[in-house]
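Only one structure is covered here, and it is reproduced in the block below.
Chain naming here is simple, since letters A, B, ... match the order of the sequence lines and numbering starts at 1 in each. This structure is a prediction, so every number in the text was calculated from the model and none was measured. In what follows, every heavy atom counts, from backbone to side chain, and hydrogens, waters and symmetry copies are set aside.
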Amino acid sequence: MNDSLSIDEQVARLRRGTQAIVPQDGLRAKLEKSAKTGKPLKIKLGLDPTAPDIHLGFAVVLRKLRQFQDMGHEVIIIIGDYTALIGDPSGRSATRPMLSKDEIARNGRTYVEQLARILDREKTIVRFNSEWLGALDFAQVVGLAAHMTVAQVLQREDFANRYTQRQPISLHELLYPLAQAYDSVAIHADIEMGGQDQTFNILAGRDLQEKMGQEPQVALFMPLLVGLDGEKKMSKSLGNYIGISESPLTMYSKVMSLGDAQMGVYFLLATDVPEPEFEALLAEAASGKTNPMTVKHRLAHAITALYHGDTEATAVQEEWKRVHSERQLPTDIPEIAIPPDALADGKIWIVRLITLANFAKTNGEARRLVEQGGVSLDDEKITDPQAQVAVTDGAVLKVGKKNFGKLALTTRP
RNA sequence: GGGCAGGUGUCCGAGUGGUUAAAGGAGACGGACUGUAAAUCCGUUGGCAACGCCUACACAGGUUCGAAUCCUGUCCUGCCCA
């Protein structure tokens, strides 16, 4: 399909960062077949429309899909609206709550919007699996289920764990891998992408395709990107993620908050920086020749630039340095509107001010912040939770290290 | 259907009638430190204009001066038997 790259070059590029390809030489075989027949490959990615916020961990897979598209192949995104009725048990130690139809539809739309930030819209086909799964009658479901044994399904690590730990597993959850496998059959997938947590489901697709007389898909697994905590996988529910639609500064700051040890994987999986280049940087950092922070800045810049452009990335880099390295006030401080009726004699109770600014949810929390010395107004530390502070327009309230707010008196309610 | 074991704060997990807003841990947050972090140390971690009051241990009742702890019923989960 692609004239500019040889098969070898294509394979090399596609292999970057992959964790496993099953079977090992399958990718090359599929690429060769496509080159010979002139037919683009169908690359499948199944999505569970539960978390509409795409984060960097998920982007690892999407960026790989983009590479396929750039080589002329066709990406088929399957929104698992039907399988979402089950809730993917992957990596779960508990049954997932079922989603309503409305939620699924809404999440599905958000997904498509966000996917466009990474994928080539022209070469992306989006389908909902209710299309074929919803058309099956019970006898057909039973027929499909006959292709898989309980023992096979229970091999799955998460099921096995739950089973041995006497956690509940609902019967319908066992059908999830089967449903996902059938998706591959329905669209005649050549390659299915997924994270490591999808191993079982994707391999089940190979088996089922073969049993139903199709050429089995090649499974291409990307590693799960570790989250900001440096331990668990990046996920929305754990709150350790960087969303691809987050503001440039947030994105940049989050990357900077990574542990040094994580820089390597992030370079590999979340950027296009060539491997020899970032490896050299990391080696310099490790030897003490370069400050690791400098390398991290490079990383943060590369990631931010990917989603917000080069100029924007450079701008937030400078902003970040000003605030964190030089401890200066940020240039853009959100305003805190102070309604006139909150004031008495031009003063306001400090605790009220903090909750008004939304820096604390409850008075108790705000009190604590004050008592612990985390609060200052115009550089003057406030430690008395009873304090009534004078409000001047434009004064800067600082709570903790990260929260800044500029007071703004509102004249009209 | 029967028997047994359970359901505690954001999470894990002690507590089986009386200083129990509930040990301990994790997480989170604040401070110190620093290269932004991490690690470490110190502190905080239900609500309330707050040395007091209110609300909390699946849910609903009950016993008691007093219950997360005892009783009854309901819901939920696991294991075993059928």
[N] - base-pair partner by Watson-Crick or wobble geometry, distances under 3.5 Å:
N	result
B/C41	B/G31
B/C59	B/G73
B/G46	B/C54
B/C11	B/G25
B/C65	B/G18
B/G78	B/C4

Separation of [N] [atom2] from [X] [atom1] (nearest whole Å):
X	N	atom1	atom2	value
A/K398	B/G31	NZ	P	7 Å
A/R368	B/C48	CZ	P	9 Å
A/K361	B/G30	NZ	P	12 Å
A/Q262	B/A38	CD	C1'	9 Å
A/E371	B/G43	CD	P	15 Å
A/K232	B/G27	NZ	C1'	8 Å
A/K402	B/G30	NZ	P	6 Å
A/I354	B/G30	CD1	P	12 Å

Could you check A/E74, A/Q10, A/M193, A/K42 and say which one makes a side-chain contact (heavy atoms from CB on, under 4.5 Å) with A/F68?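 Answer after filtering A/E74, A/Q10, A/M193, A/K42: A/M193.
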Looking only at atom [atom1], what distance separates [N] and [M], rounded to whole Å?
N	M	atom1	value
B/C76	B/A82	C1'	23 Å
B/A5	B/U19	P	27 Å
B/A56	B/C42	C1'	30 Å
B/G61	B/C48	P	27 Å
B/A28	B/C11	C1'	11 Å
B/C71	B/U10	C1'	33 Å
B/G43	B/A60	C1'	41 Å
B/G9	B/A22	P	15 Å

Quick check for you: to the nearest 0.5 Å, what is the distance between A/L5 atom CG and A/I7 atom CD1?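 That separation rounds to 10.0 Å.
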Closest nucleotide among [options] to the [X] side chain:
X	options	result
A/R367	B/A50, B/C33, B/G35	B/A50
A/Y163	B/G35, B/C79, B/U77	B/C79
A/M293	B/G47, B/A37, B/G35	B/G35
A/P168	B/G47, B/G35, B/G78	B/G78

Check the side chains of [Y] and [X] for a donor-acceptor pair under 3.5 angstrom, ignoring hydrogens and angles.
X	Y	result
A/E122	A/Q69	no
A/Y252	A/H301	no
A/Q180	A/E192	yes

A/K296 to A/Y266 six-membered ring, cation-pi geometry met (6.0 Å, 45°):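 Verdict for A/Y266: no cation-pi partner in A/K296.
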By the 4.0 Å heavy-atom rule, please label [X] as base, sugar-phosphate, or nothing.
X	value
A/T362	sugar-phosphate
A/G373	sugar-phosphate
A/K401	base

Quiz question: going by heavy-atom distance under 3.5 Å, is there a donor-acceptor pair between the base of [N] and the side chain of [X]?
X	N	value
A/D260	B/G35	yes
A/Q372	B/G31	no
A/R327	B/U34	yes

Return the 5'-most residue of the pair A/E231, A/G374 with respect to RNA chain B, ranking by each residue's nearest nucleotide. A/E231
Need to verify one output field. Residue with the more 5' nearest nucleotide on RNA chain B, A/E365 or A/P292?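 Counting from the 5' end, the first nearest nucleotide belongs to A/P292.
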A quick test of your reading: do over 12 heavy atoms of other residues, nucleotides or ligands sit less than 6.0 Å from CG of A/D137? yes
Heavy-atom neighbours of A/R117 CZ exceed 12 at 6.0 Å: yes
